[in-house]
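Remember, predicted model here, so these are calculated numbers, not experimental data. Chain letters run A, B, ... following the sequence lines, proteins first and then strands; every chain starts at 1.
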There are 2 protein chains.
Amino acid sequence: MKSKATSFDIADRAGVSQATVSRALRGSLQVSEETRRRVQAAADELNYKVDKNASNLRKRHSGTLALLFFEDPTADESHINPFFLSMLGSITRACAKHGYDLLISFQQFSRDWHADFADSKKADGIILLGYGDYLAYCDKLGKLLAQETRFVRWGAVLPDQLDISIGCDNFHGGRVVAEHLLDQGCRQIAFLGDASSHYPEFFERYRGYAAALEQAGLALESSLQVNAESTERSGYEAMQTLLRRHIEFDAVFAASDLIAIGALHALNEHGLRVPQDVALVGFDDIPMASFVNPPLTTVVQDTKQAGEMLVTNLLRLIRNEPAQSAILPVKLVVRRSSLRKP
Amino acid sequence: MKSKATSFDIADRAGVSQATVSRALRGSLQVSEETRRRVQAAADELNYKVDKNASNLRKRHSGTLALLFFEDPTADESHINPFFLSMLGSITRACAKHGYDLLISFQQFSRDWHADFADSKKADGIILLGYGDYLAYCDKLGKLLAQETRFVRWGAVLPDQLDISIGCDNFHGGRVVAEHLLDQGCRQIAFLGDASSHYPEFFERYRGYAAALEQAGLALESSLQVNAESTERSGYEAMQTLLRRHIEFDAVFAASDLIAIGALHALNEHGLRVPQDVALVGFDDIPMASFVNPPLTTVVQDTKQAGEMLVTNLLRLIRNEPAQSAILPVKLVVRRSSLRKP
DNA sequence: CTGAAAGCGCTTACAG
DNA sequence: CTGAAAGCGCTTACAG
């Protein structure tokens, strides 16, 4: 097995210096068209590819981005939240579009993940994705910032944050869900999902919901809220908890589709029909949402745009250009699970 | 912004040579415990991380694997086949477990994807994943082999192939599905999915199905087979095609869950009930399978093991150790969609 | 437009 | 156990 050709081999074959090979192959305008062609031909014949390790070392950047995907250590290993999967797809595409490679890695929240890819120069910057306790997370974010690691984050966009993050309009999303439910005649709307600053995205959805209720002149019943994280199991359990309270409710707003699907199972088991007895709405519009029975009303986030924004903002950070957090619009998708009027 | 520390900075601070820093940090046994500790301390203080580009260049391998994900150019951009998503998760985890990073990239079948990551030394080897026309693909596989690129593939394991691939027992899977359906009293079992050597995995499932029918003394009706690729839309259309033929059938075996779900919609629209009028079975056990109504009987492939096998075999190839194609067992999961007996 | 040379930050024989 | 030195394969001033 002959070892791979280097730029010197190409130089020999094309009868030029190694420096010229390097220039020609990167399309430098300094090199004559004739030379460029000869070099290219030699490179093709020898099946030459630039060694990225060497060129990255010299150029001092890697042309790759790292995607750190956080997951709860308790989560079922085999199932990643489908919403993030969709983000992953759009991020991958956005990277490709901008000529960057993407390194992906699953991380546990608890581990020492900060300072890794970027510091070891495997990636020029990092995209942070995943649900998890924000307050626990914040500290590490600060360290990244202190080290001047370039990163962007998907999540809530809060007024006082120091990092760049892209998120959807969770407040507005929560509000339109509640308004829709009110419009359907519902008056006792339960909320399934964590509603604290530990999970700012859910909290914003909750606040939007609360705002709509208030505007409708309804009191916010704390007994109608049950904590849940974004898994089916958690949704199922939260629903059971709610049912055990023996409080009347005619609608459920689940902070995510996965929670909604879990809740749906619990409702079914309990003999309650959706939407006749209880209207149900989720958030995320994961593919499953339209397949459950009844199809689930939910809120779509534009993952394609989200991925693109994450990547372009990270690229700006890397180039020391101004970058900016952004809130993306959301849209309510009405399906059968929330329709109580004929 | 001070630039990042190098091994020379650590050497200064620890009062040793740069070579010793390198050794100490990689845990070489040559260096004394006392020195190692001092170096480590200095590295921690300066927040030092080895520059991977430099170390990879020197060591001549990258410690990363590339995952090339093939998708039909026609496919809906936003939705990746959930089955592959599950594979992606297990591959990512397997890489992490073996201390490798994972680069991911979506590729179109048509593009010039062969010879890329591995040749540019960004990855030591490649994992190939995705559905697509095998015959079109084969040619490029040959080129990879010729260049001595290390790669493994998820897909059918065929007797005469030259590359290493890992796949599930498609033939057996097809057979157990058909046997189950026969056992439910079905006699006219349609097959939705491509049944040619262009899509060897589907073809194997078809052959398993055919074998079961034959064993039951039933003739193979070609009019009961309709081509489909692994998308909902394609399944929906294939079902419509079948319905337009006005042939009697009492069961449908869809070559994938996505096809089955599309078929289910078409059946519903046509006023046919599953499983009462038509029993339905899919393949893959994607998360959605248990959420459709009725829940879908299907065949599970062990994606966790699959990911692990892909990675370990690729690693063997990289280390010039013997690697071997493998067929993983499958299991039928019976849900309501195929139950015709009470 | 092209070449000779320096250097990116490591790892690893080679000496001692 | 440690150090001095070479070299991995590029890119990019610096000259001409």
Side-chain angles (χ1 to χ4, degrees), chain A residues 2-40 42-43 46-64 99 101 117-124, chain B residues 2-40 42-43 46-64 99 101 117-124:
Chain A
K2 56 188 184 308
S3 68
K4 298 256 151 103
T6 73
S7 52
F8 284 93
D9 300 323
I10 311 304
D12 273 2
R13 180 172 270 252
V16 294
S17 74
Q18 179 269 337
T20 297
V21 169
S22 174
R23 290 193 195 96
L25 260 21
R26 274 172 310 106
S28 162
L29 298 168
Q30 294 175 43
V31 35
S32 75
E33 182 51 27
E34 148 68 5
T35 308
R36 207 198 53 69
R37 229 193 312 267
R38 219 166 57 240
V39 170
Q40 188 58 257
L46 297 186
N47 224 299
Y48 172 74
K49 289 284 177 328
V50 172
D51 183 316
K52 292 283 189 185
N53 288 134
S55 75
N56 291 344
L57 174 58
R58 190 47 235 253
K59 291 197 293 195
R60 327 205 51 165
H61 67 253
S62 64
T64 110
D101 289 321
F117 288 113
D119 285 355
S120 66
K121 307 270 173 60
K122 281 203 92 155
D124 300 328
Chain B
K2 54 186 187 308
S3 68
K4 299 256 152 103
T6 72
S7 53
F8 285 93
D9 300 323
I10 310 304
D12 273 3
R13 181 172 269 254
V16 295
S17 73
Q18 180 271 338
T20 298
V21 170
S22 174
R23 288 191 195 100
L25 260 23
R26 274 172 310 103
S28 160
L29 297 168
Q30 292 176 45
V31 34
S32 76
E33 182 52 25
E34 148 67 6
T35 307
R36 204 197 56 69
R37 229 192 314 266
R38 220 166 58 239
V39 170
Q40 189 57 257
L46 297 185
N47 224 300
Y48 171 76
K49 289 285 178 327
V50 171
D51 183 319
K52 291 285 188 184
N53 288 134
S55 76
N56 290 344
L57 173 59
R58 190 48 236 255
K59 291 196 294 195
R60 329 207 47 161
H61 68 255
S62 65
T64 109
D101 289 321
F117 288 112
D119 284 356
S120 67
K121 305 270 173 62
K122 280 202 92 154
D124 300 330

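Between B/S17 and the phosphate of D/dG3, there is a side-chain N or O to OP1/OP2 separation shorter than 4.0 Å. Residue A/T20 has a polar side-chain atom (N or O) positioned under 4.0 Å from OP1 or OP2 of C/dG3. Distances shown here put a side-chain N or O of B/T35 below 4.0 Å from the OP1 or OP2 atom of D/dT2. Close to D/dC10, at under 4.0 Å from its OP1 or OP2, lies a side-chain N or O of A/S7. The shortest distance between the side-chain N/O atoms of B/R60 and the OP1/OP2 oxygens of D/dG9 is below 4.0 Å. Not one side-chain nitrogen or oxygen of B/T6 sits closer than 4.0 Å to the OP1 or OP2 atom of C/dC8.
If you take CG of A/L57 and P of C/dG7, they are 14 Å apart, rounded to a whole angstrom. Rounded to an integer number of Å, the gap from B/R23 CZ to C/dC10 P is 15 Å. Between B/K59 atom NZ and D/dG9 atom C1' the separation is 17 Å, expressed in whole Å. Between B/D51 atom CG and D/dG9 atom C1' the separation is 14 Å, expressed in whole Å. We find that CG of A/L29 is positioned 16 Å from P of D/dT11, with the value rounded to whole Å. Atom-to-atom, CD of A/Q18 to P of C/dG7 comes out at 16 Å; the value is rounded to the nearest Å. A/R26 has its CZ atom 18 Å from the P atom of D/dG9, to the nearest Å. Between the CG atom of B/N53 and the P atom of C/dC10 there is a distance of 10 Å, rounded to whole Å.
Nucleic acid contact class of A/I10 (heavy atoms, under 4.0 Å, all strands): none. When heavy atoms are screened at a 4.0 angstrom cut-off, A/S22 is found touching base atoms of the nucleic acid.
Taking for each of A/E33 and A/A19 the nucleotide of DNA chain C with the nearest heavy atom, the 5'-most of the two is the partner of A/E33.
The partner of D/dC1 is C/dG16, by the rule that a Watson-Crick or G-U pair needs both atom distances under 3.5 Å.
Contact of the B/R23 side chain with the B/T20 side chain is registered, since non-hydrogen atoms from C-beta on lie closer than 4.5 Å. Taking the side chain as every heavy atom from C-beta outward, A/T64 and B/K122 approach each other to under 4.5 Å. Looking at A/Q18 and A/S7, their side chains come closer than 4.5 Å, going by heavy atoms from C-beta outward.
Side-chain to base pairing of B/R58 with D/dG9: no donor and acceptor N or O lie closer than 3.5 Å to each other.
We find the NZ-NZ distance between B/K49 and A/K121 to be 11.5 Å, quoted to the nearest 0.5 Å.
Under a 3.5 Å cut-off, the side chain of A/D9 and the backbone N or O of A/T6 do form a donor-acceptor pair.
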